[in-house]
Amino acid sequence: MAPLAAGHTPWGMEYSLHTVPPSIRREIQSVFPKSNLEQLLIVPTCQHATVDLVNTGERVEGEKDRLLERFMAWAKVVCDQLSAAGHWADYIDPCSGLPMIHTDLNVVYPEVPALSVLMGYQTSNAGCCKVLLHPVWGSAVYPASLFTEAPQEALLAAIQVANASQVE
């Protein structure tokens, strides 16, 4: 599925903008039942990890924490910008799979399968988990997603603000 737009943050996080494809409409509707799927844009993101995230240990957990904090700070700025402009927006906590803003339901977003559909990336099984395989980084990737009903131009403007505020 070709994205509407794509880019990188100043620190290299990849992001792209997508409409909701038919194959994941039911999952999206169960996570965000009040959203307008015809208007909804999905922003999957991928950050390159310094270690293979399939492994375990202190280094892996530290890297996951670092990437989590970076995504959460970026996504919060994007959603705050969009909400201030009167647009619905939310982002998923990569640790729980649950929405961060619209917390009325306890439905988990299927991050890895959805990103596989949106980006065409392969997945692999690692124990009881599905793992995303980035075409360049392999399993040294940290996926996370953001959603909005804002027009594409407003979303791209909010991303620019977030990118400028998150420079390392």
Side-chain angles (χ1 to χ4, degrees), residues 1-32 35 37 40-57 59-79 82 89-103 106-148 155-156 158-159 162-163 166 168:
M1 175 178 187
L4 301 172
H8 292 84
T9 63
W11 62 88
M13 180 175 75
E14 298 177 348
Y15 62 87
S16 53
L17 283 56
H18 301 262
T19 57
V20 179
S23 58
I24 61 171
R25 287 178 83 80
R26 188 177 332 146
E27 289 86 349
I28 303 286
Q29 193 73 70
S30 67
V31 177
F32 299 116
S35 65
L37 294 184
L40 195 69
L41 294 176
I42 306 170
V43 183
T45 70
C46 290
Q47 294 182 77
H48 186 192
T50 59
V51 295
D52 186 338
L53 297 183
V54 171
N55 295 326
T56 58
R59 277 190 67 213
V60 172
E61 293 310 311
E63 179 66 353
K64 285 180 181 177
D65 289 345
R66 182 182 74 83
L67 298 172
L68 170 67
E69 289 173 18
R70 194 176 336 181
F71 169 76
M72 296 291 257
W74 179 85
K76 183 177 182 336
V77 172
V78 173
C79 288
L82 294 170
D90 206 337
Y91 56 105
I92 300 295
D93 174 353
C95 293
S96 68
L98 297 172
M100 290 297 298
I101 298 171
H102 300 91
T103 58
N106 213 9
V107 179
V108 173
Y109 176 66
E111 190 75 63
V112 170
L115 209 139
S116 179
V117 167
L118 294 169
M119 300 300 294
Y121 294 170
Q122 298 297 310
T123 61
S124 177
N125 290 324
C128 62
C129 299
K130 272 218 181 288
V131 176
L132 187 71
L133 299 175
H134 188 279
V136 176
W137 309 329
S139 56
V141 61
Y142 193 84
S145 296
L146 182 145
F147 301 81
T148 187
L155 174 55
L156 290 171
I159 287 172
N163 288 351
Q166 298 294 313
E168 289 184 357

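Side-chain atoms of Asn163 and Trp11 form no donor-acceptor pair, as typed in the model, at a separation below 3.5 Å.
Counting heavy atoms from C-beta outward, Val43 and Ser16 have side chains that stay 4.5 Å or more apart. Residues Leu53 and Val141 fail the side-chain proximity criterion, which asks for heavy atoms closer than 4.5 Å.
Here the straight-line distance linking atom CD of Glu61 with atom CG of Leu68 works out to 11.0 Å at 0.5 Å rounding. The CD1 atom of Ile28 lies 6.5 Å from the CG atom of Leu40; values are rounded to the nearest 0.5 Å. Within the model, atoms CZ of Phe147 and OH of Tyr109 stand 4.0 Å from one another, a figure rounded to the nearest 0.5 Å. Taking CG of Leu156 as the start and OH of Tyr15 as the end, the distance is 6.5 Å to the nearest 0.5 Å. With rounding to the nearest 0.5 Å, the separation of CG in Asn106 from OG in Ser96 is 8.5 Å.
In this structure, Met72 and Pro94 approach most closely via the heavy-atom pair SD-CD, 4.1 Å. The two residues Met100 and Asp90 make their nearest non-hydrogen contact at N-OD1, 3.2 Å. Annotation for Thr50 and Arg59: closest pair O-NH2, 4.4 Å, computed over non-hydrogen atoms. Nearest heavy-atom pair across His102 and Ala89 is CE1-O, 3.3 Å. For the residue pair Val51 and Ala140, the shortest heavy atom distance occurs at O-CB, 3.5 Å.
With Gln47 contributing its side chain and Leu67 its backbone, the two residues share a donor-acceptor pair below 3.5 Å. Formation of a donor-acceptor pair under 3.5 Å by the Thr148 side chain with backbone atoms of Leu41 is not found in this model.
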Kindly list each side-chain donor-acceptor pair under 3.5 angstrom involving residues 117-136, sequence neighbours excluded, with atom names and distances?
unit_1 : atom_1 : unit_2 : atom_2 : d
Asn125 : OD1    : Lys130 : NZ     : 3.4
His134 : ND1    : Val136 : N      : 3.0
His134 : ND1    : Trp137 : N      : 3.2
His134 : NE2    : Glu14  : OE1    : 2.9
His134 : NE2    : Glu14  : OE2    : 3.4

_Worked verdict on Glu27 versus Val107 for side-chain contact (heavy atoms from CB on, under 4.5 Å)_ = CA-CA 9 Å; Glu27 289 86 349; Val107 179; over 6 Å; no
*Show your working on side-chain contact (heavy atoms from CB on, under 4.5 Å) between Ile24 and Ile42 and close with a plain yes or no.*
CA-CA 11 Å; Ile24 61 171; Ile42 306 170; 4.1 Å; yes
_Residue pair Thr103, Leu98: steps toward the side-chain contact (heavy atoms from CB on, under 4.5 Å) verdict_ = CA-CA 8 Å; Thr103 58; Leu98 297 172; over 6 Å; no
*Mind running side-chain contact (heavy atoms from CB on, under 4.5 Å) on Thr9 and Ile159 for me, showing each step along the way?*
CA-CA 9 Å; Thr9 63; Ile159 287 172; 5.9 Å; no
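In this view, Ser116 satisfies the side chain to side chain donor-acceptor pair (under 3.5 Å) rule with no residue, not counting sequence neighbours. Take Ser145 and apply the side chain to side chain donor-acceptor pair (under 3.5 Å) test, not counting sequence neighbours, and it matches Glu111.
Taking the six-membered ring where the residue is Trp, the centroids of Phe71 and Tyr142 are separated by 6.0 Å or more.
More than 12 heavy atoms of other residues, nucleotides or ligands shown are found within 6.0 angstrom of CZ on Arg25.
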